[in-house]
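Both backbone and side-chain heavy atoms feed into the values below; hydrogens, waters and symmetry mates do not.
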Amino acid sequence: MGLFQNEQELQRLAGLRSLEDRRLQFADEMRRQGICFSRVLLAQAGGGFMGLALSEGRVFLLGGPTPGDELPFTIEDVTNCRISFVPHSIPSEGMAGLLGMGGKRGGRGYLLVIESGENRREIEVLAGHQCVYTLEKGELPLLNPDRRKRDANFVWDFRPIDVRELNRLVEAWSALV
(Lines give C-alpha, C1' and ligand atoms only; values in the text may rest on other atoms or scores of the structure.)
Protein backbone atom coordinates (compact mmCIF):
# COMPACT_ATOMS: atom_id res chain seq x y z
CA MET A 1 0.00 0.00 0.00
CA GLY A 2 1.10 3.54 -0.75
CA LEU A 3 1.51 6.30 1.76
CA PHE A 4 -2.15 7.39 1.53
CA GLN A 5 -3.65 3.96 0.88
CA ASN A 6 -4.36 2.72 4.40
CA GLU A 7 -7.41 0.58 5.19
CA GLN A 8 -9.53 3.51 6.43
CA GLU A 9 -8.87 5.50 3.25
CA LEU A 10 -9.81 2.52 1.08
CA GLN A 11 -13.08 2.13 3.01
CA ARG A 12 -13.82 5.85 2.67
CA LEU A 13 -13.25 5.71 -1.11
CA ALA A 14 -15.43 2.59 -1.42
CA GLY A 15 -18.21 4.37 0.52
CA LEU A 16 -18.00 7.39 -1.79
CA ARG A 17 -18.10 5.17 -4.90
CA SER A 18 -21.18 3.42 -3.52
CA LEU A 19 -22.79 6.80 -2.78
CA GLU A 20 -22.10 7.96 -6.34
CA ASP A 21 -23.62 4.73 -7.73
CA ARG A 22 -26.81 5.37 -5.73
CA ARG A 23 -26.87 9.03 -6.86
CA LEU A 24 -26.71 7.91 -10.49
CA GLN A 25 -29.56 5.43 -9.91
CA PHE A 26 -31.60 8.21 -8.30
CA ALA A 27 -30.89 10.59 -11.20
CA ASP A 28 -31.93 7.90 -13.68
CA GLU A 29 -35.17 7.25 -11.78
CA MET A 30 -36.01 10.99 -11.71
CA ARG A 31 -35.37 11.20 -15.45
CA ARG A 32 -37.64 8.18 -16.11
CA GLN A 33 -40.40 9.80 -14.03
CA GLY A 34 -39.92 13.11 -15.86
CA ILE A 35 -39.22 15.07 -12.68
CA CYS A 36 -37.16 18.21 -13.18
CA PHE A 37 -36.79 20.67 -10.32
CA SER A 38 -37.16 24.42 -10.87
CA ARG A 39 -36.04 25.51 -7.38
CA VAL A 40 -34.18 23.68 -4.65
CA LEU A 41 -33.23 24.39 -1.02
CA LEU A 42 -31.13 21.67 0.63
CA ALA A 43 -29.47 21.71 4.05
CA GLN A 44 -26.64 19.53 5.24
CA ALA A 45 -27.87 17.00 7.80
CA GLY A 46 -25.09 14.94 9.32
CA GLY A 47 -23.02 13.87 6.34
CA GLY A 48 -26.05 13.79 4.02
CA PHE A 49 -28.76 16.32 3.25
CA MET A 50 -32.50 17.06 3.48
CA GLY A 51 -34.52 19.77 1.82
CA LEU A 52 -37.27 20.96 -0.49
CA ALA A 53 -37.56 21.00 -4.26
CA LEU A 54 -40.24 22.48 -6.51
CA SER A 55 -41.39 20.88 -9.76
CA GLU A 56 -44.38 22.00 -11.82
CA GLY A 57 -46.47 23.20 -8.88
CA ARG A 58 -45.52 20.26 -6.66
CA VAL A 59 -43.29 20.31 -3.58
CA PHE A 60 -40.92 17.43 -2.83
CA LEU A 61 -38.86 16.49 0.20
CA LEU A 62 -35.42 15.25 -0.88
CA GLY A 63 -32.99 13.29 1.24
CA GLY A 64 -29.46 12.09 0.65
CA PRO A 65 -27.50 9.58 2.72
CA THR A 66 -24.19 9.97 4.49
CA PRO A 67 -21.18 8.43 2.71
CA GLY A 68 -20.72 4.93 4.07
CA ASP A 69 -24.44 4.43 4.76
CA GLU A 70 -26.21 2.02 2.46
CA LEU A 71 -29.42 4.07 2.52
CA PRO A 72 -30.89 5.27 -0.78
CA PHE A 73 -31.56 8.82 -1.91
CA THR A 74 -35.19 9.62 -1.16
CA ILE A 75 -37.96 11.75 -2.63
CA GLU A 76 -41.41 12.30 -1.21
CA ASP A 77 -44.26 14.43 -2.54
CA VAL A 78 -45.22 16.84 0.26
CA THR A 79 -47.40 19.16 -1.83
CA ASN A 80 -50.43 18.72 0.45
CA CYS A 81 -48.45 19.02 3.68
CA ARG A 82 -48.20 22.10 5.85
CA ILE A 83 -44.72 23.60 5.45
CA SER A 84 -43.39 26.39 7.64
CA PHE A 85 -40.16 28.03 8.75
CA VAL A 86 -39.97 28.46 12.51
CA PRO A 87 -37.26 30.71 14.04
CA HIS A 88 -34.79 28.53 15.93
CA SER A 89 -31.57 29.03 17.86
CA ILE A 90 -29.14 27.01 19.89
CA PRO A 91 -27.33 28.58 22.85
CA SER A 92 -23.57 28.68 23.07
CA GLU A 93 -21.90 26.64 25.78
CA GLY A 94 -18.77 27.30 27.81
CA MET A 95 -16.30 29.54 25.99
CA ALA A 96 -18.29 29.10 22.75
CA GLY A 97 -15.21 27.63 21.08
CA LEU A 98 -13.34 30.91 21.51
CA LEU A 99 -9.66 30.44 20.63
CA GLY A 100 -10.18 26.69 20.65
CA MET A 101 -10.72 26.68 24.42
CA GLY A 102 -13.72 24.41 24.36
CA GLY A 103 -17.40 24.86 24.49
CA LYS A 104 -19.84 25.07 21.65
CA ARG A 105 -20.73 28.00 19.42
CA GLY A 106 -24.38 29.02 19.37
CA GLY A 107 -26.40 29.65 16.24
CA ARG A 108 -29.51 31.29 14.83
CA GLY A 109 -31.66 30.11 12.00
CA TYR A 110 -34.84 28.20 11.29
CA LEU A 111 -36.50 24.85 11.58
CA LEU A 112 -38.10 23.82 8.32
CA VAL A 113 -41.21 22.01 9.58
CA ILE A 114 -43.19 19.65 7.35
CA GLU A 115 -46.46 18.39 8.86
CA SER A 116 -48.94 15.87 7.51
CA GLY A 117 -51.53 14.61 9.98
CA GLU A 118 -49.59 13.23 12.93
CA ASN A 119 -46.36 12.96 10.95
CA ARG A 120 -43.96 15.87 11.63
CA ARG A 121 -40.45 16.29 10.25
CA GLU A 122 -37.99 19.04 11.06
CA ILE A 123 -34.90 20.15 9.20
CA GLU A 124 -32.57 22.44 11.13
CA VAL A 125 -30.96 25.25 9.12
CA LEU A 126 -28.57 27.33 11.21
CA ALA A 127 -26.40 30.14 9.88
CA GLY A 128 -22.74 29.54 10.59
CA HIS A 129 -23.33 25.89 11.53
CA GLN A 130 -24.51 24.24 8.37
CA CYS A 131 -23.98 24.44 4.68
CA VAL A 132 -26.83 24.78 2.20
CA TYR A 133 -27.37 24.31 -1.50
CA THR A 134 -29.81 26.50 -3.40
CA LEU A 135 -30.90 26.40 -7.01
CA GLU A 136 -33.04 29.12 -8.53
CA LYS A 137 -32.52 28.21 -12.17
CA GLY A 138 -30.59 25.68 -14.19
CA GLU A 139 -30.04 21.98 -13.64
CA LEU A 140 -29.57 20.36 -10.25
CA PRO A 141 -26.14 18.64 -10.21
CA LEU A 142 -27.65 15.88 -8.05
CA LEU A 143 -29.58 14.73 -11.14
CA ASN A 144 -26.69 15.02 -13.60
CA PRO A 145 -26.33 11.62 -15.33
CA ASP A 146 -22.53 11.90 -15.62
CA ARG A 147 -20.35 10.21 -13.02
CA ARG A 148 -18.39 12.66 -10.90
CA LYS A 149 -14.63 12.41 -11.12
CA ARG A 150 -12.65 10.61 -8.43
CA ASP A 151 -14.48 10.48 -5.10
CA ALA A 152 -16.72 13.55 -5.23
CA ASN A 153 -19.79 13.84 -3.03
CA PHE A 154 -22.75 16.08 -3.93
CA VAL A 155 -22.72 17.58 -0.41
CA TRP A 156 -19.29 19.06 -1.16
CA ASP A 157 -21.11 21.54 -3.47
CA PHE A 158 -22.90 23.02 -0.44
CA ARG A 159 -21.65 26.29 1.01
CA PRO A 160 -21.85 28.07 4.37
CA ILE A 161 -24.61 30.60 4.81
CA ASP A 162 -24.80 33.76 6.92
CA VAL A 163 -27.84 35.07 8.80
CA ARG A 164 -28.69 37.77 6.23
CA GLU A 165 -28.69 35.35 3.30
CA LEU A 166 -30.61 32.73 5.28
CA ASN A 167 -33.33 35.28 6.11
CA ARG A 168 -33.58 36.19 2.41
CA LEU A 169 -33.91 32.51 1.42
CA VAL A 170 -36.56 31.81 4.05
CA GLU A 171 -38.56 34.86 2.96
CA ALA A 172 -38.47 33.73 -0.69
CA TRP A 173 -39.30 30.11 0.11
CA SER A 174 -42.11 31.05 2.50
CA ALA A 175 -43.83 32.78 -0.41
CA LEU A 176 -43.36 29.70 -2.63
CA VAL A 177 -44.66 27.01 -0.30
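We find the CG-CG distance between Leu111 and Leu126 to be 7.5 Å, quoted to the nearest 0.5 Å. Rounding to the nearest 0.5 Å gives a distance of 11.0 Å between CD of Gln8 and CZ of Arg12. With rounding to the nearest 0.5 angstrom, the CG atom of Asn144 is 5.5 Å from the CD atom of Glu139. Between the CZ atom in Arg108 and the NE2 atom in His88 there is a gap of 13.0 Å [rounded to 0.5 Å]. Taking CZ from Arg23 and CG from Leu142, the interatomic distance works out to 6.5 Å, rounded to the nearest 0.5 Å. Rounding to the nearest 0.5 Å places CD1 of Ile90 at 6.0 Å from CD of Glu124.
Heavy atoms from other residues, nucleotides or ligands lying under 6.0 Å from CZ of Arg164 number 12 at most.
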Report all side-chain donor-acceptor pairs from residues 166-177 shorter than 3.5 Å, counting only partners two or more places apart or in another chain.
residue : atom : partner : partner atom : Å
Asn167  : OD1  : Tyr110  : OH           : 2.8
Asn167  : ND2  : Val163  : O            : 3.3
Ser174  : OG   : Val170  : O            : 2.7

With a 3.5 Å cut-off and sequence neighbours excluded, list the donor-acceptor pairs that the side chains of residues 33-41 form with protein atoms.
residue : atom : partner : partner atom : Å
Gln33   : NE2  : Glu29   : OE2          : 2.7
Ser38   : OG   : Leu54   : O            : 3.3

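Under the 4.5 Å side-chain heavy-atom criterion for Ile, Leu, Val, Met, Phe, Trp and Tyr, Leu62 and Phe158 are members of the same hydrophobic cluster. Both Val155 and Ile75 are members of a single hydrophobic cluster when ILVMFWY side chains are connected at heavy-atom separations under 4.5 Å. Both Leu135 and Phe49 belong to a single network of hydrophobic side chains, linked directly or stepwise wherever heavy atoms of I, L, V, M, F, W or Y lie under 4.5 Å apart.
Annotation for Thr66 and Gly48: closest pair OG1-N, 3.4 Å, computed over non-hydrogen atoms. Across all their heavy atoms, Ile114 and Cys81 have their closest contact at CG2-CB, 4.0 Å. The heavy-atom pair separating Arg159 from Thr134 by the smallest distance is NH2-OG1, 3.6 Å. Shown here for Cys131 and Pro160, the closest heavy-atom pair between the two residues is SG-N, 3.7 Å. Nearest heavy atom pair, residue Gly63 against residue Met50, reads CA-SD, 3.8 Å. Contact record, Ile123 with Ala43: CG2-CB, 4.1 Å, taken as the closest heavy-atom pair.
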Walk me through whether Asp28 and Gln25 qualify under side-chain contact (heavy atoms from CB on, under 4.5 Å).
CA-CA 5 Å; Asp28 189 46; Gln25 290 172 348; 5.7 Å; no
Between Leu140 and Tyr133, is a side-chain contact (heavy atoms from CB on, under 4.5 Å) present by the stated rule, with each step listed?
CA-CA 10 Å; Leu140 180 61; Tyr133 182 88; 3.5 Å; yes
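Annotation: side chain of Ser116 is not in contact with side chain of Asn80 (no heavy-atom distance under 4.5 Å).
Residue pairs satisfying the ring-ring contact (aromatic ring centres under 6.0 Å, His included) criterion with at least one member in residues 7-35, sequence neighbours excluded, are listed as follows: Phe26-Phe73.
For Arg17 and Glu20, the salt-bridge test fails: no basic side-chain N is under 4.0 Å from an acidic carboxylate O.
Side chain of Gln130 to backbone of Gln44: a donor-acceptor contact under 3.5 angstrom is found.
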